[in-house]
Enquirer: 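Pasting in a structure now, in structure tokens, and then I'll have a few things to ask.
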Amino acid sequence: MSDFEIRKDGLTLEIMRTIAAPRQVVWRCWTDPELLKKWFCPKPWSVAEADLDLRPGGRMNTVMAGPNGERIENAGVFLEIVDGERLTFTDGYEENFVPKAISFMTGYVELSDSADGCTRLVWGARHTSEVTRDQHLEMGFEEGWKAASAQLGDLAAAIAAETPDAGLLPDFSAKVRTCLFFSEKGEEAAVFYVSLLPDSKLERMVRPDPNGPVLVAEFTLAGTPYMILNGNPQEQPSHMSSISVLTEDQAETDRLWQALLADGGEELQCGWIRDRFGVYWQIVPEALPRLMHGDDPERARRVTAALMHMKKIDIAGLEAAA
């Protein structure tokens, strides 16, 4: 794909591009030594050797070979591995975190699901100094990484074409998660939900037919795992299951309420609201349990009586009743 961006920020150099292959296929191209050798170095150079030990402190060693017999050895370690999502590595250590006298950079790779079964790649390098950053630029960072990432895209797309279900099988990150059963619009709902709260992100989209709708959308909402299963026109959401969010203040309560009410949502009593997809939510300011907890049952009754007259919860009204 032609989508390509470069970011230069202080000691950081970064490229971003969209790759026409599922995220798990792109991940394999980064973590399988034989696949890495096929794309990691821009032609006419090549990767003659790749030794990867996928664990923090494990080896990330490569040998790059030039067209005239040149050999450049790169020895480093992995610092962080988040399966299917993120790699961080550095040449500042040898295996098992033995420090090296000289370090050039720390690299990182971030993968996320994009539209139409594609993958968004962020690949960057944080340098130890302006000198090493400028050396990297003089070595041809822009053209080199652009060419290498294009080779990665070609390889991943070819693997995906040869094995159409590659990367499409569920590879869920959480052992336990709440499943919401939708009739349709599961992908749209997941994208909307992760926009509502910090520490939220799309984890994975499962699309059995590359040209069809998403069957499963896995996402994290404020650190809590969820999944949406698409394709059940008979069942409708009910109050029996809801997403409860504890808000810090009235501003957060108002923001979430308006977002969930937009485009067809419905206000209900006592902080309940149904969004445009039919899912029920409880938007509960932390003031409510605080005011109802304690040794004063009369205060709890007054707060409860005030709550019964509210749709969106008004913290000032609860405090006045208390």
Side-chain angles (χ1 to χ4, degrees), residues 1-8 11-21 25-54 57-79 81 86-96 98-111 119 121-160 162:
M1 300 185 70
S2 60
D3 177 25
F4 180 82
E5 303 172 52
I6 292 179
R7 184 176 73 90
K8 302 174 186 177
L11 300 181
T12 298
L13 301 176
E14 186 177 86
I15 68 167
M16 295 158 279
R17 75 182 311 152
T18 301
I19 294 176
V25 173
V26 181
W27 179 257
R28 283 179 52 205
C29 293
W30 269 100
T31 57
D32 182 325
E34 293 305 312
L35 293 179
L36 187 80
K37 288 162 63 175
K38 294 181 179 181
W39 70 266
F40 192 58
C41 191
K43 297 176 181 178
W45 285 66
S46 63
V47 177
E49 300 175 24
D51 181 13
L52 308 181
D53 181 8
L54 287 171
R59 298 178 305 280
M60 185 180 180
N61 299 340
T62 60
V63 177
M64 297 183 178
N68 299 313
E70 304 96 331
R71 285 175 64 86
I72 299 177
E73 296 185 6
N74 302 284
V77 300
F78 291 104
L79 298 176
I81 300 169
R86 183 178 176 87
L87 292 171
T88 307
F89 44 89
T90 184
D91 61 357
Y93 294 95
E94 296 179 356
E95 186 176 14
N96 295 324
V98 176
K100 295 167 68 175
I102 299 176
S103 176
F104 184 71
M105 70 175 194
T106 294
Y108 56 92
V109 177
E110 297 173 350
L111 305 178
T119 299
L121 166 71
V122 177
W123 179 12
R126 297 188 176 98
H127 299 83
T128 55
S129 67
E130 292 182 0
V131 172
T132 56
R133 178 204 60 198
D134 293 344
Q135 286 176 346
H136 203 171
L137 289 169
E138 292 168 5
M139 290 163 55
F141 161 78
E142 292 190 27
E143 291 305 316
W145 282 33
K146 182 177 182 179
S149 62
Q151 292 168 183
L152 167 61
D154 291 342
L155 175 62
I159 293 172
E162 291 172 3

Enquirer: Has Y93 got more than 12 heavy atoms of other residues, nucleotides or ligands less than 6.0 Å from its OH?
Expert: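 Count not over threshold, so no.
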Enquirer: Strictly below 4.0 Å, N to O, side chains only: are E49 and R71 in salt-bridge contact?
Expert: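 Salt bridge: yes.
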Enquirer: Check step by step if side chain to side chain contact (heavy atoms under 4.5 Å, CB included) holds for F40 and W45.
Expert: CA-CA 10 Å; F40 192 58; W45 285 66; over 6 Å; no
Enquirer: Taking NZ, NE, NH1 and NH2 as the nitrogens, is one of them in E5 or K146 under 4.0 Å from a carboxylate oxygen of the other?
Expert: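 No salt bridge links E5 with K146.
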Enquirer: Looking only at atom types and distance, does a side-chain atom of K100 sit under 3.5 Å from a main-chain N or O of D91, one as donor and one as acceptor?
Expert: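 Such a contact is found between K100 side chain and D91 backbone.
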Enquirer: For a 4.5 angstrom cut-off between non-hydrogen side-chain atoms, does Y108 reach T12?
Expert: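 Touching, per the 4.5 Å side-chain cut-off.
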Enquirer: List the atom of A21, the atom of V26, and the distance in Å for their closest heavy-atom pair.
Expert: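 That would be O-CG2, 4.2 Å.
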Enquirer: Rounded at 0.5 Å granularity, tell me how far CG in L87 sits from CG in L111.
Expert: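 Answer for the CG-CG pair, L87 versus L111, is 7.5 Å.
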Enquirer: Is there a side-chain contact between I19 and R17 in this structure, where contact means two heavy atoms from C-beta onward sitting under 4.5 Å apart?
Expert: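 Counting from C-beta outward, I19 and R17 do come under 4.5 Å.
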Enquirer: Between R59 and E95, is there a salt bridge with N-O shorter than 4.0 Å?
Expert: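 Salt bridge: yes.
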Enquirer: Roughly how far, to the nearest 0.5 Å, is the CD1 atom of I159 from the SG atom of C29?
Expert: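 Atom-to-atom, C29:SG and I159:CD1 are 4.0 Å apart.
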Enquirer: Looking at E70, I want to see if its CD is surrounded by more than 12 non-hydrogen atoms of other residues, nucleotides or ligands under 6.0 Å.
Expert: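 More than 12 heavy atoms, drawn from other residues, nucleotides or ligands, come within 6.0 Å of this atom.
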Enquirer: Tell me, do M60 and V77 make a side-chain contact under 4.5 Å, heavy atoms counted?
Expert: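 Result no, sub-4.5 Å side-chain heavy-atom pair not found.
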Enquirer: Nearest 0.5 Å, please: how far is CG in N74 from OG1 in T62?
Expert: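 Between T62 OG1 and N74 CG, I get 4.0 Å after rounding to 0.5 Å.
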Enquirer: Which value, rounded to the nearest 0.5 Å, describes the distance between T31 atom OG1 and I81 atom CD1?
Expert: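 Interatomic distance, T31 OG1 to I81 CD1, rounded to 0.5 Å: 9.0 Å.
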Enquirer: Between L13 and L137, does the side chain to side chain contact (heavy atoms under 4.5 Å, CB included) criterion hold? Intermediate values first, please.
Expert: CA-CA 9 Å; L13 301 176; L137 289 169; 3.8 Å; yes
Enquirer: Side chains of L79 and T106: closer than 4.5 Å at any heavy-atom pair?
Expert: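 Yes; the side chains approach each other to less than 4.5 Å.
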Enquirer: Are side-chain heavy atoms of M105 and T132 found at a separation under 4.5 Å?
Expert: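 M105 vs T132: side chains apart.
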Enquirer: Specify the closest pair of heavy atoms between A160 and V25, including all atoms of both residues, with the distance to one decimal.
Expert: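 Closest pair (atom of A160, atom of V25, distance): N-CG1, 4.5 Å.
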Enquirer: I want to check something: taking the side chain as every heavy atom from C-beta on, are I15 and F141 in contact at a cut-off of under 4.5 Å?
Expert: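 Yes. Closest side-chain heavy atoms under 4.5 Å.
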Enquirer: Identify the heavy atoms of L54 and F78 that sit nearest to each other, and give their distance.
Expert: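 Scanning both residues completely, I find the closest heavy atoms to be CD2-CZ, 3.7 Å.
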Enquirer: Could you walk me through whether K8 and E142 pass salt bridge (charged side-chain N to carboxylate O under 4.0 Å, His left out), step by step?
Expert: CA-CA 10 Å; K8 302 174 186 177; E142 292 190 27; 2.6 Å; yes
Enquirer: Quick check: closest heavy atoms across P42 and Q151, and the distance to 0.1 Å?
Expert: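 Looking at all heavy atoms of both residues, the closest pair is CA-OE1, 3.7 Å.
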Enquirer: Specify whether W145 and W123 have parallel, tilted or perpendicular ring planes, treating 30° as the upper limit for parallel and 60° as the lower limit for perpendicular.
Expert: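 Plane angle under 30°, so parallel.
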Enquirer: Can you find a pair of side-chain heavy atoms, one from L152 and one from L121, that are under 4.5 Å apart?
Expert: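 They are in side-chain contact.
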Enquirer: Could you check if a side-chain atom of F4 sits within less than 4.5 angstrom of a side-chain atom of I6, using non-hydrogen atoms only?
Expert: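 F4 vs I6: side chains touch.
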Enquirer: How long is the gap from CG on N61 to CG on D53, to the nearest 0.5 Å?
Expert: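 One finds 9.5 Å between CG of N61 and CG of D53.
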Enquirer: Show your working on side chain to side chain contact (heavy atoms under 4.5 Å, CB included) between S129 and L11 and close with a plain yes or no.
Expert: CA-CA 7 Å; S129 67; L11 300 181; 5.5 Å; no
Enquirer: By the definition side-chain hydrogen bond (donor to acceptor under 3.5 Å, both in side chains), identify the one residue from H136, R133, Q135 that meets it with H127.
Expert: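 Between H127 and the candidates, side-chain hydrogen bond (donor to acceptor under 3.5 Å, both in side chains) is satisfied uniquely by H136.
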Enquirer: To the closest 0.5 Å, what do you measure between CG (L36) and CZ (R28)?
Expert: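 Those atoms lie 13.0 Å apart.
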Enquirer: Work out which heavy atom in A65 is nearest to a heavy atom in A48; give both atom names and the distance.
Expert: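 Between these two residues, the closest heavy atoms are CB-CB, 4.1 Å.
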